[in-house]
K.L.:
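Okay, handing you the structure first.
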Amino acid sequence: MAVLVTGGAGYIGSVTVKLLIESGEEVVVLDNLSHGHIEAIDPAARFYEGDMGDEQTVAHILREHDIDSCIHFAAFIAVGESVEHPAKYYDNNVRRALALLTTLNEGGVKHLVFSSTAATYGEPQRMPIDEDHPQHPENPYGWSKYMIERVLEDFDAAYGFRSVALRYFNACGALPGCGEDHHPETHLIPLILQTALGQRDAIKIFGTDYPTPDGTCVRDYVHVADLGLAHLLSLAYLRHGGGSARINLGNGNGYTVKQVIETAREVTGATIAAVEVERRAGDTSHLVADSSRARELLNWQPRFPELREIVATAWEWHSHHPNGYKS
Ligand code: UFG
């Protein structure tokens, strides 16, 4: 019995592959390496370079391996780019993903763990955000993930194809040998740490007039290994007959941008210059998860609930891999 992981060369995918292998799973990775890094794939996984939307490749993998489940990460993730190039996002994150789901379903694979996002909620109406919060995404990236959540509901009703959609809040942190390496980088913590390394002059703080304690945006930062763990638990849940579910993944603690910068200064010992600039389009003031369902349904217990520890693991990665996987 094997697990197919699409996007297993990416940031969260590669960490999940590592944890799956450590837990004794046979893992097959499918990644087109458009953004992932071949160096990130655990050598114990069987790797296919190819596109999840290519029916022949996926059907070939299903014939060659005894795949019972799929963890689907492969997607474009840049919110701003999705606003400028929606066709690119709907093509990859929806059309190709639908081709994947169809090939899996027709090939008899009936369990899927889906990499979804808090971006499917849009502007929050209450805080913390639980899974029953209305979903009105604010950008094509969020809509593309929302659409696949919708497809999965209908696949369950019609074909008995069961899934867990994991709605991540702010993924961050690293494991030894597995860290964040996006091009271009847009996320707060890696950008702060690149500033600490002297690769950037200053971190820009996007907006200081939000209705938050210090005027900067509040986010729920969750460690990539805790996200990975939730995928393993979701897989076990589905294999034991659990019904389809949508589950938030966050620590339930909100930190402002300024608090994250201050924490990084303590962890790195570096000055880390910061400049205050205008708000970034599309940012909401608060995004904090109610993750009680993950605890109740999956018995998920985050191992890195503290921001300081999360930033320390990210710093360990960035200081040893100043140029990412190419270091
Ligand atoms: N920020 C800065 N300066 C920067 C970069 C970010 O001030 O240089 C701020 C942002 O304005 C935001 C916070 O830091 O307030 C976090 O920004 P990120 O870009 O790291 O993350 P986002 O909250 O924008 O988005 C992340 C993922 C999305 C996901 C969302 C859901 O990138 O894919 O979390 O919570 F949808």
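All ligand and atom numbering here is 1-based and tracks the order in the structure.
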K.L.:
Judged on heavy-atom distance to atom 9 (C) of ligand 1, which of Thr208, Val257, Ile77 sits nearest?
P.N.:
Val257
K.L.:
So does Asp181 pair up with Lys326, basic N to acidic O under 4.0 Å?
P.N.:
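No, this pair does not count.
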K.L.:
Heavy atom under 4.0 Å from ligand 1: found in Thr186's side chain, backbone, both, or neither?
P.N.:
backbone
K.L.:
Give me the nearest non-hydrogen protein atom to atom 23 (O) of ligand 1 as residue plus atom name, then the distance to 0.1 Å.
P.N.:
Arg219 NE, 2.7 Å
K.L.:
Using the ring of Tyr221 (Phe, Tyr or Trp, six-membered ring only), decide whether Arg219 places NZ or CZ under 6.0 Å from its centre and within 45 degrees of its axis.
P.N.:
no
K.L.:
Which residue owns the protein heavy atom closest to atom 3 (N) of ligand 1, what's the atom, and how far is it?
P.N.:
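Result for atom 3 (N) of ligand 1: Lys204 O, 2.6 Å.
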K.L.:
Look at Glu296 together with Arg293 and state whether they make a salt bridge at an N to O cut-off of under 4.0 Å.
P.N.:
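Salt bridge flag = no for Arg293 with Glu296.
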K.L.:
Please check if the number of heavy atoms outside Gln125 that lie under 6.0 Å from its CD is greater than 12.
P.N.:
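Counting other residues, nucleotides and ligands, CD of Gln125 exceeds 12 neighbours.
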K.L.:
Find out whether Tyr11 and Ile77 are in side-chain contact, i.e. whether some heavy atom of one side chain is under 4.5 Å from a heavy atom of the other.
P.N.:
no
K.L.:
Around atom 11 (O) of ligand 1, find the nearest protein heavy atom and jot down its residue, atom name and distance.
P.N.:
Asp283 OD2, 2.5 Å
K.L.:
So which heavy atom on Val164 is nearest to which on Ser234, and how close?
P.N.:
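Closest approach of Val164 to Ser234, heavy atoms only: CG1-OG, 3.7 Å.
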K.L.:
Ligand 1 and Tyr168, any nitrogen or oxygen pair closer than 3.5 angstrom?
P.N.:
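N/O-N/O distance below 3.5 Å does not exist for this pair.
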K.L.:
What residue and atom, counting heavy atoms only, is the protein's closest point to atom 31 (C) of ligand 1, and at what distance?
P.N.:
Ala118 CB, 3.7 Å
K.L.:
Within a distance under 4.0 Å of any heavy atom of Ile205, pick out the atoms of ligand 1 and give their elements.
P.N.:
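In order of number, 7 (O).
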K.L.:
Could you tell me the separation between the OH atom of Tyr141 and the OH atom of Tyr89, rounded to the nearest 0.5 Å?
P.N.:
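Rounded to the nearest 0.5 Å, the OH-OH separation comes out at 8.5 Å.
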K.L.:
I'd like to check which ligand 1 atoms, numbered from 1 as shown, lie under 4.0 Å from a non-hydrogen atom of Ala119.
P.N.:
36 (F)
K.L.:
Salt-bridged, Arg46 to Glu64, with N to O below 4.0 Å?
P.N.:
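Salt bridge between Arg46 and Glu64, a charged N being under 4.0 Å from a carboxylate O: no.
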K.L.:
Give the numbers and elements of all ligand 1 atoms closer than 4.0 Å to a heavy atom of Cys217.
P.N.:
15 (O)
K.L.:
Looking at the rings of Tyr168 and His231, which for Trp means the six-membered one, are their centres under 6.0 Å apart?
P.N.:
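Close enough - the centres of the two rings lie under 6.0 Å apart.
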K.L.:
Starting from atom 20 (O) of ligand 1, which protein heavy atom do you reach first, and at what distance in Å?
P.N.:
Leu188 N, 2.8 Å
K.L.:
Can you report which non-hydrogen protein atom sits closest to atom 29 (C) of ligand 1, along with the distance?
P.N.:
Thr117 OG1, 3.5 Å
K.L.:
Out of Arg200, Glu138, Arg280, whose heavy atom is nearest to atom 17 (O) of ligand 1?
P.N.:
Arg280
K.L.:
Taking the ring of His65 and the ring of Tyr48, is the distance between their centroids below 6.0 Å?
P.N.:
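Ring centres of His65 and Tyr48 closer than 6.0 Å.
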K.L.:
Below 4.0 angstrom from a heavy atom of Ile203, which ligand 1 atoms are there? Numbered from 1 as shown, please.
P.N.:
8 (O)
K.L.:
What atoms of ligand 1 come closer than 4.0 angstrom to any heavy atom of Leu287?
P.N.:
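Going through ligand 1 atom by atom, the ones under 4.0 Å from Leu287 are 35 (O).
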K.L.:
Using a cut-off of 6.0 Å, state whether more than 12 heavy atoms not belonging to Lys110 lie near its atom NZ.
P.N.:
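Yes, the 6.0 Å shell around NZ holds more than 12 heavy atoms from other groups.
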K.L.:
To the nearest 0.1 Å, how far is atom 32 (O) of ligand 1 from its closest protein heavy atom, and which atom is that?
P.N.:
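Nearest neighbour among protein heavy atoms for atom 32 (O) of ligand 1, to 0.1 Å: His187 NE2, 2.8 Å.
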K.L.:
May I ask which of Phe206, Tyr121, Tyr221, Tyr141 has a heavy atom nearer to atom 33 (O) of ligand 1 than the others do?
P.N.:
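Going through Phe206, Tyr121, Tyr221, Tyr141 one by one, Tyr141 has the nearest heavy atom to atom 33 (O) of ligand 1.
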K.L.:
Among all protein heavy atoms, pick the one closest to atom 25 (O) of ligand 1 and tell me residue, atom and distance.
P.N.:
Asn170 ND2, 4.0 Å
